[in-house]
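Heads up, the thing below is written out as structure tokens.
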Protein chains: 2
Amino acid sequence: MRAQRSNSRDKILAAAADVARESGPGSLSLDAVASRAGVSKGGLLYNFPTKAKLMQALVEDYLREFERALEAARTAGASGESLLAIYIKLSASDCEEPQPSASWIFSAIAEDPDFLTPIKLFKRQLFERLKGETPDLKALLVCFLAIEGLRSMNLFDSDILSADERGLLVSSLLRIAG
Amino acid sequence: MRAQRSNSRDKILAAAADVARESGPGSLSLDAVASRAGVSKGGLLYNFPTKAKLMQALVEDYLREFERALEAARTAGASGESLLAIYIKLSASDCEEPQPSASWIFSAIAEDPDFLTPIKLFKRQLFERLKGETPDLKALLVCFLAIEGLRSMNLFDSDILSADERGLLVSSLLRIAG
DNA sequence: TTTACTGTACCGTCTGGACGGTCTTGTCAA
DNA sequence: TTGACAAGACCGTCCAGACGGTACAGTAAA
């Protein structure tokens, strides 16, 4: 019953995110993650030989999950819907949750800013993709940046907007996106 | 020449920002700041008795400077210009500089997320003030969030937009702002 | 004399990581 | 079927180093 076939991996990743959110991004230590995941420190280091590998895995899983959600929304949505509209809706629903959910990003950036490189690359590619599919560059810029702002607010746990205002914003963006 | 009438204070604050930017937010140690500022560790702790006080001062100075710049632009600008337009222009020119300039924020958040409380409060008040002066709530929401996105990109040193695109974005926002 | 430091020595705590050991599971020849 | 053995998954301990902070003696300008 002890050997859980590397499902420990996911438990550890989830535990790391929890620790960062609840104890603050500066308190993301291997000990804290291990105890939270119900795993010994040795076991943690077995799955992720260094803290850097843990961070890297956190980033990669995050990106993989986002891409998955985007593709899912793309195939499930109405066929006439633009990618930009899908991105707006997906991001808005992501930011609906009160929990920042990704404050481990601050831990990663404190550890080494280079951990964010894959995220920057991903975002740049997404932007290029949107540019290719969106006729109106001005509309794209405004919408993309506004969504970036929404994500930023969520990340910093800075809930300035009321629910009504968020809804109004999203509908405005969707209208701009056309 | 040694006793510089607490102008050391400013040197230390600037040094802290430099260290955070150049060595990464996780390397903001008291030793590093002291040596960068050309001050002994004892001297640093004379000016800021604890690291928390240093962080707090960093936040307060940042906010004070932003408010000063906003008021300056307000009185200097054309009298018909809306506060929103001024805010957009000021933020855009802030984000023009390639250097993040405020990556000490990540150090602060790693130390203790509560250090950001004054910033959140400031932003909320600014938003309320803008709501009071802007007739079109939808336009305000879009512009405010897009600027937030621009600031976020600058902070994360994620230069996805070209200079042309940034210009186009700003002019679009100013048109939306009316 | 006071103010504003410098410089050094030091303490306690925490952290990442190395290491050796342990239990469990799977494999495969006899 | 069974016994030997290899590999995988994990535990617990230990340690060097870095960090924040304290204490204190010295110094030089105002």
Side-chain angles (χ1 to χ4, degrees), chain A residues 1-20 22-59 103-104 106-115, chain B residues 1-20 22-59 103-104 106-115:
Chain A
M1 198 63 87
R2 191 102 43 102
Q4 268 167 315
R5 191 88 78 194
S6 177
N7 143 311
S8 295
R9 196 193 130 90
D10 295 340
K11 270 203 309 189
I12 291 171
L13 255 19
D18 289 350
V19 170
E22 288 168 23
S23 311
S27 307
L28 190 68
S29 68
L30 295 185
D31 284 292
V33 173
S35 88
R36 174 78 187 219
V39 161
S40 77
K41 192 172 174 180
L44 198 172
L45 257 15
Y46 179 83
N47 284 277
F48 303 97
T50 129
K51 195 181 187 184
K53 296 275 184 192
L54 212 203
M55 296 301 191
Q56 205 181 316
L58 234 21
V59 171
S103 56
W104 53 263
F106 295 121
S107 312
I109 212 176
E111 201 75 20
D112 183 351
D114 289 343
F115 283 127
Chain B
M1 196 67 87
R2 192 99 43 101
Q4 269 166 317
R5 188 85 78 192
S6 178
N7 141 316
S8 294
R9 197 194 129 92
D10 295 341
K11 271 204 308 190
I12 291 171
L13 255 19
D18 289 350
V19 169
E22 288 167 23
S23 311
S27 306
L28 191 68
S29 66
L30 294 186
D31 285 291
V33 172
S35 87
R36 174 81 187 215
V39 162
S40 76
K41 192 172 173 182
L44 198 172
L45 278 116
Y46 180 81
N47 283 278
F48 303 98
T50 132
K51 195 181 187 183
K53 296 275 185 189
L54 213 203
M55 296 301 193
Q56 205 180 316
L58 234 21
V59 171
S103 57
W104 53 263
F106 295 121
S107 312
I109 213 176
E111 200 75 18
D112 183 351
D114 288 344
F115 282 127

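Letters A, B, ... mirror the listed sequences (proteins, then strands); counts begin at 1.
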For the pair made of [atom1] in [X] and [atom2] in [N], what is the distance, rounded to whole Å?
X       : N      : atom1 : atom2 : value
A/Asp31 : C/dG17 : CG    : P     : 12 Å
B/Lys11 : C/dA4  : NZ    : C1'   : 13 Å
A/Leu45 : C/dA18 : CG    : C1'   : 9 Å
A/Leu28 : C/dT15 : CG    : P     : 10 Å
A/Phe48 : D/dC10 : CZ    : P     : 11 Å

Examine [N]: is either OP1 or OP2 under 4.0 Å from a nitrogen or oxygen in the side chain of [X]? Give yes or no.
X       : N     : result
A/Asn47 : D/dA9 : no
B/Tyr46 : C/dC5 : no
B/Ser8  : C/dA4 : no

Please tell me which of the listed nucleotides, C/dG17, D/dC11, D/dG20, lies nearest to the side chain of B/Leu30?
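The answer is D/dG20.
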Does a side-chain heavy-atom distance below 4.5 Å link [X] with [Y]?
X        : Y       : value
A/Trp104 : A/Val59 : yes
B/Asn47  : B/Val39 : no
A/Leu58  : A/Phe48 : no

Out of curiosity, [X] [atom1] to [Y] [atom2], how far, rounded to the nearest 0.5 Å?
X       : Y       : atom1 : atom2 : value
B/Gln56 : B/Leu54 : CD    : CG    : 10.5 Å
B/Leu44 : B/Lys51 : CG    : NZ    : 10.5 Å
A/Asp31 : A/Ser40 : CG    : OG    : 10.0 Å

Nearest heavy atom decides the nucleotide; on that basis, is A/Lys41 or B/Gly43 closer to the 5' end of DNA chain C?
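Upstream on the strand: B/Gly43.
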Distance-minimising heavy-atom pair for A/Pro113 and B/Gly24:
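Scanning both residues completely, I find the closest heavy atoms to be CG-CA, 4.2 Å.
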Heavy-atom closest pair, residues A/Phe106 and A/Pro25
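Closest heavy-atom pair between A/Phe106 and A/Pro25: CB-CB, 3.6 Å.
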Residues within residues 49-57 of chain B bordering DNA chain D, heavy-atom distance below 4.0 Å:
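DNA chain D contact set from residues 49-57 of chain B: B/Thr50, B/Lys51.
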Write out a two-atom table: protein N or O, nucleotide N or O from nucleotides 12-14 of chain C, distance below 3.5 Å.
none

For A/Asp18, which residues count as a side-chain hydrogen bond (donor to acceptor under 3.5 Å, both in side chains) partner, sequence neighbours excluded?
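Once residues adjacent in sequence are excluded, the partners of A/Asp18 under the side-chain hydrogen bond (donor to acceptor under 3.5 Å, both in side chains) criterion are A/Arg21, A/Arg36.
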